J.: 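The structure follows.
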Amino acid sequence: MEYLSGIVERITYNNEENGFSVIKIKSRGFPDLVAAVGNLAAVNVGAVVKLKGEWKYDSKFGKQFSVVDYQETVPATVAGIEKYLGSGLIKGIGPVNARRIVNCFREDTIRIIEEEPDKLVNVEGIGPKRVTMIKKAWQEQKEIKNVMLFLQSNGVSTAYAVKIFKTYGNDSINTVKTNPYKLADDIWGIGFKTADKIARQLGFDKNSYERCRSGIIFVLNELSNDGHCYAEREQLITEAQKILELDTDILNPTIEKMIEEKSIIPDAVNAIFLPPFYYSEIGTARRIRDILSGQCMFRSVFSEGIIEKLERECGIKYDDVQADAIKTAARSKFMVLTGGPGTGKTTTTLAVIKVFEKLGARVLLAAPTGRAAKRMSETTGMEAKTIHRLLEFKPPEGYKKNEDSLLECDVLIIDETSMVDIILMYNLLKAVSDNTIVILVGDVDQLPSVGAGNVLKDIIDSGIVSVIKLTRIFRQAQGSAIITNAHKINKGEFPNLNGGRNSDFFFIQEEDPVKVVETIKDLCAKRLSKHYNASPINDIQILCPMQRGETGAHNLNTVLQETLNPTDISLKYGGTQYRLNDKVMQIKNNYDKNVFNGDIGSIASIDTEDRTLVIRFDGNDVEYDVTELDEVVLAYATTVHKSQGSEYRIVVAPFTMQHYMMLQRNLLYTCVTRAKKVFVLVGSRKAVGIAVGNNKTQKRNTMLAGRLSSLV
C-alpha cells in the first residue's frame, strides 16, 4: 500500500447510495490535481487528507489513486480554511460568509468556531441568530461525521447519516449497534435491506427474531405500497423467504410471536394485517353502518318541486339520471355519484349542493389534494378544503376533528374519492356525525388510490349504499376528442388517433424511444408553448406510465430541466440538482410541513448560505433544509399514478413498448382524463392497443366490501 497526502480541491462525483466518490486533491510533488477514488463520502472540500491505497490506471480516466482508507484533518492554511467552510459543510456558512470569517480570523478561524464561537458576531453580516445556527451546525457536523465514519467502516452508504443523527442524536451509534433493524421502523427512506446490510456487517445472527420481524414488517409495508391492506399468510411467507432466505420453520414461529405481541393482526382464515390497515378497514365499515342507520333529516321536507324550481333558476334541464341523483342525495344517508368525463358529475354535484342549501342544510366540501379542492371551489363557488385541512390536522397531535370533536355539517361531499385510501377514509368518517349525509363523488374507472385500499370501488361493490352512475356524454362534451376517446378507451375500444387541426387530441407516431424524448422536448420548449401561448413549466405536464426507462419520468425530468430551466442558482442533493423555479413534487406525506404525497409546487427561492430552499405549493411557502430533499422530486414529468386528482391545461404522454409492464386500460384512461384543453400521445399504436386491450387490473387485497355486506 502507498500513501498520498494533500488538500481536497474538488469533489467531482459522489454516489449517495454507496458512498463512492471521485475527488481531486492538490498534493506536493504533483504539478496537476490528482484524482482519488473510493468510499470518500465524508470528505469535504478544503480538508487535508492522508489517503492509503494504490495507483491504478483507468482506460477512460487515466491514472487514479484507489483509496482503501483515509484520515482527514481540518486545513491549516487560510485558503484551505475558506474553501472548507464554504463547501456547505456547516449550515449558516456559505462561500460569502466563509470569506468574511476567514478575513477576520485568518489561521485562527477553526479554533474560534470551536472554542469561542460568540466572537463570530463581530463578522459583517453575521448576527446572534446566525451565530447560534453555526454553533449548533458545527457540533452536529462533528457528530454526523462520527456516524458517517462508523457506517462507512461497516460498508454501508453514508447518505442517511444526517437522518440517523436527527432521529437519535448522540445515541446514533449506540442505537445502530444495539438493533440496526430499528432504523427501518423509525427513519423514512431506510428500508429493511439497508438495515440488514448494517446488521450483517455488525455480525447479527441471520436467524435472529429482530431480523425476521423486520423482514416481515418490510414485506407488509411493500404490499401496502402496492395498494394491499393485508397479505395472505402464504403470500407473506413466500415474499419473506425471498428477502430473508430462511425456511418456514423459522418464519412461522416469528409470525406467531408477532401476533402474540400484536405487531401484526390475523383476520379471517389467511389474512395478516399491519394494525393501521386492520383497524381502518374495521372502523370504516362500522362508521358507514352507523351513518346509514342515522336519521335522514331532509327526506320528509324534500319534494321534486325543488328540482323544477332549480331548473328554472339555472336555465338547466336535468336528465332522468341526474334528477334521480338529486333525489337520491336528499333521501339517502350515504351515496356514491360516479361517472366518466363529460357525463355531468360537476353539474349534478352543484345541483345537489343548491338543493340542500334550499333545504337549509349546512354543506361542507372536501377533496384529497390541494389541486382537487381548488378545482372543486372554482366549479361550485364554495370553499372546498383538503381532507387533512378539513379535519384540522396538526402534528404531532393528529386530527383535531375526530369522534370527540365532530365536523359541524348536515351534508359532507367528497370529490375525487377514488384517490382516498383506507386510513384517510377512516379518519374522515370518525369525524362525521351519524346524522350527517355523506356523498362520495368520483370516477370509479380511474386508477385506485396511491395508498392502501380500493375504497370507492369496495363501497360500490358492497351493495349497501345508494350508487348513481352517470353514463350519458352531454352534447357540449361530445365535441371533445379527449372526452370521446376517454370513453372509447374505458369501453375497450381503440381511440380515434386521427386528430385534425382543431382537435384537442393528437397522436405522434414514434417507435424509437430516443426520438420520443426529442419529440417531447420539442413539444414543450417550442411547438405547444408557442401554438397555445402556454408556459412550458406551468401549463404543460408530461405523464408517463412508469419512472424507469428512456421515456420514463426520471429521465424526462433530467432532460426537461436542462431544456426549460438552465439556471445556475441551485442546491444539489443526492443525484439531483434542485434549481430556482423548478417544478417539483412532494413524494411523502409530511404532516409537520402540511404537504402531502403528490402535491406539486415550484422552487420560489434558494439560500446557498443556509443550504435551504422554499417551495411554493398553491400559494403556501414551505421551507426545506437540503437534507430533506429526498422527499421532493422534479415534476416536469411524473407518473400517471401520481397525477390523480389533478387536471392540466396540456398533457403530453409517452406510450411506448418500453412501458410494456404498465400498459393497462385504466392507466391510459386516467392519463387521458387529466387533460383539460389538449392531449398529445407520443409513441406507438401497438403500445396503445395493448393498453386498451389489457383490462386485467391488479386485484388489491382488501376486505372492506365484504365487511360492509356482512353488516347489513
Side-chain angles (χ1 to χ4, degrees), residues 340-343 345-346 371-372 374-375 378-379 416 443 446-447 473-490 494-510 515-545 551 553 556-557 559-560 563-564 583 585 600 602 635-656 659 667-685 687-688 691-692:
T343 57
K345 277 200 311 294
T346 300
R371 290 201 166 200
K374 186 178 179 183
R375 195 171 68 250
E378 290 167 353
T379 56
E416 295 287 358
D443 186 346
Q446 282 186 28
L447 292 167
I473 304 175
F474 283 87
R475 189 172 58 203
Q476 59 268 36
Q478 289 174 0
S480 165
I482 291 173
I483 289 174
T484 54
N485 273 336
H487 284 274
K488 275 177 173 285
I489 291 164
N490 199 31
F494 197 86
N496 179 3
L497 302 181
N498 303 317
R501 186 176 182 83
N502 297 319
S503 179
D504 57 4
F505 188 111
F506 301 94
F507 174 69
I508 299 173
Q509 173 79 22
E510 187 52 74
K515 290 181 180 176
V516 169
V517 173
E518 286 302 312
T519 301
I520 289 173
K521 193 166 78 169
D522 186 51
L523 284 166
C524 293
K526 298 174 185 174
R527 291 160 64 181
L528 289 170
S529 51
K530 183 179 179 182
H531 187 80
Y532 294 101
N533 192 27
S535 160
I537 295 178
N538 299 321
D539 294 331
I540 303 172
Q541 183 63 54
I542 314 302
L543 297 183
C544 307
T551 56
L556 282 166
N557 270 318
V559 170
L560 291 171
T563 305
L564 304 176
K583 183 195 284 189
M585 176 185 283
I600 286 183
S602 62
Y636 299 94
T638 188
T639 62
V640 179
H641 282 84
K642 290 285 190 183
S643 73
Q644 288 171 266
S646 296
E647 280 188 343
Y648 312 97
R649 186 179 167 201
I650 301 171
V651 168
V652 179
F655 263 72
T656 71
H659 303 137
L667 184 131
L668 179 57
Y669 172 74
T670 302
C671 183
V672 172
T673 56
R674 299 309 88 205
K676 284 198 290 188
K677 298 293 183 186
V678 180
F679 181 81
V680 184
L681 197 58
V682 184
S684 74
R685 287 179 179 269
V688 174
V692 171

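In what follows, residues are counted from 1 in the order of the sequence shown. Keep in mind that what you see is a predicted model, and the values were worked out from it rather than measured.
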J.: Please test K521 against K526 for side-chain contact (heavy atoms from CB on, under 4.5 Å), starting from the C-alpha separation and ending with a verdict.
T.: CA-CA 8 Å; K521 193 166 78 169; K526 298 174 185 174; over 6 Å; no
J.: In plain terms, say whether K677 and D504 are close enough for a salt bridge, that is, a side-chain N and a carboxylate O under 4.0 Å apart.
T.: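 Looking at K677 and D504, the cut-off is not met.
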J.: If you measure from CG on L447 to OG1 on T670, what distance do you get to the nearest 0.5 Å?
T.: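 It comes to 3.5 Å.
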J.: Between N533 and R649, what is the shortest heavy-atom contact and its length?
T.: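 Taking every non-hydrogen atom into account, O-NH1, 3.6 Å.
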J.: Decide yes or no for Y669 and P341: does some side-chain heavy atom of the first lie under 4.5 Å from some side-chain heavy atom of the second?
T.: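 Heavy-atom side-chain distance check passes, below 4.5 Å.
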J.: Check whether any side-chain heavy atom of D539 sits under 4.5 Å from a side-chain heavy atom of Y532, and report yes or no.
T.: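 SC-SC contact between D539 and Y532 ruled out.
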J.: What residues, two or more places apart in sequence or in another chain, satisfy side chain to side chain donor-acceptor pair (under 3.5 Å) together with K642?
T.: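 Residues passing side chain to side chain donor-acceptor pair (under 3.5 Å) with K642: N597.
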J.: Do any N or O atoms from the side chain of D522 and from the backbone of E518 form a donor-acceptor pair under 3.5 angstrom?
T.: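 A pair under 3.5 Å: no.
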J.: Taking R375 first and then E647, would you say they form a salt bridge - that is, a charged N and a carboxylate O separated by under 4.0 Å?
T.: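 A salt bridge links R375 with E647.
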J.: So how far is it from K676 NZ to S480 OG, rounded to the nearest 0.5 Å?
T.: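 Between atom NZ of K676 and atom OG of S480 there are 13.5 Å.
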J.: Before giving the answer on side-chain contact (heavy atoms from CB on, under 4.5 Å), spell out for V652 and Q541 the whole-Å C-alpha distance, their side-chain angles and the decisive distance to 0.1 Å.
T.: CA-CA 6 Å; V652 179; Q541 183 63 54; over 6 Å; no
J.: If you take all heavy atoms of I540 and L523, which pair is closest and at what distance?
T.: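 That closest heavy-atom pairing would be CD1-O, 4.5 Å.
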J.: If every non-hydrogen atom of Y636 is compared with every non-hydrogen atom of N557, which pair is closest and at what distance?
T.: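 Closest approach of Y636 to N557, heavy atoms only: N-OD1, 2.8 Å.
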J.: Answer whether the closest heavy-atom distance between the side chains of P495 and F507 falls below 4.5 Å.
T.: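 No - every pair of side-chain heavy atoms lies 4.5 Å or more apart.
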J.: If I take atom CD from residue Q509 and atom OG from residue S684, how far apart are they, to the nearest 0.5 angstrom?
T.: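 Interatomic distance, Q509 CD to S684 OG, rounded to 0.5 Å: 6.5 Å.
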J.: To the nearest 0.5 Å, how far apart are CD in Q446 and CG in N490?
T.: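 Reported value, rounded in 0.5 Å steps: 9.5 Å.
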J.: Could you measure the distance from the OG atom of S503 to the CG atom of N498? Nearest 0.5 Å is fine.
T.: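 Atom-to-atom, S503:OG and N498:CG are 9.5 Å apart.
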J.: Can you name the nearest heavy-atom pair linking S529 to P536, along with the distance?
T.: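 Reported closest heavy-atom pair: CB-CG, 3.9 Å.
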J.: How long is the gap from CD1 on I483 to CD1 on I473, to the nearest 0.5 Å?
T.: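 Answer rounded to 0.5 Å: 7.5 Å.
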J.: Do the non-hydrogen side-chain atoms of Y648 and S643 ever get within less than 4.5 Å of each other?
T.: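 Yes. Closest side-chain heavy atoms under 4.5 Å.
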J.: With heavy-atom distances below 4.5 Å as the criterion, would you say the side chains of R685 and L497 are in contact?
T.: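 R685 vs L497: side chains touch.
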J.: Sort out for me which residue in I537, T563, L556, I542 forms a side chain to side chain contact (heavy atoms under 4.5 Å, CB included) with C524.
T.: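 By the side chain to side chain contact (heavy atoms under 4.5 Å, CB included) criterion, C524 pairs with just one of I537, T563, L556, I542: I542.
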J.: Does the side chain of K583 reach to within under 4.5 Å of the side chain of I600, using non-hydrogen atoms?
T.: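 When only atoms from C-beta onward are counted, I600 and K583 do touch, with a gap below 4.5 Å.
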J.: Would V680 and F505 satisfy side-chain contact (heavy atoms from CB on, under 4.5 Å), going step by step from the backbone distance to the final call?
T.: CA-CA 6 Å; V680 184; F505 188 111; over 6 Å; no
J.: Does T639 reach the side chain of L543, with side-chain heavy atoms less than 4.5 Å apart?
T.: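 Contact flag for T639/L543 side chains = no.
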J.: Can you check side-chain contact (heavy atoms from CB on, under 4.5 Å) on V672 and V651, steps first, answer last?
T.: CA-CA 8 Å; V672 172; V651 168; over 6 Å; no
J.: So, for G340 and D443, which heavy atoms are closest and what is the spacing to 0.1 Å?
T.: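 So the minimum-distance heavy-atom pair works out to CA-OD2, 3.6 Å.
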J.: Within the 4.5 Å heavy-atom criterion, are F655 and V682 side-chain neighbours or not?
T.: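 SC-SC contact between F655 and V682 ruled out.
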J.: Do you know which two heavy atoms are closest between T673 and A486, and how far apart they sit?
T.: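 Closest heavy-atom pair between T673 and A486: CG2-CB, 3.8 Å.
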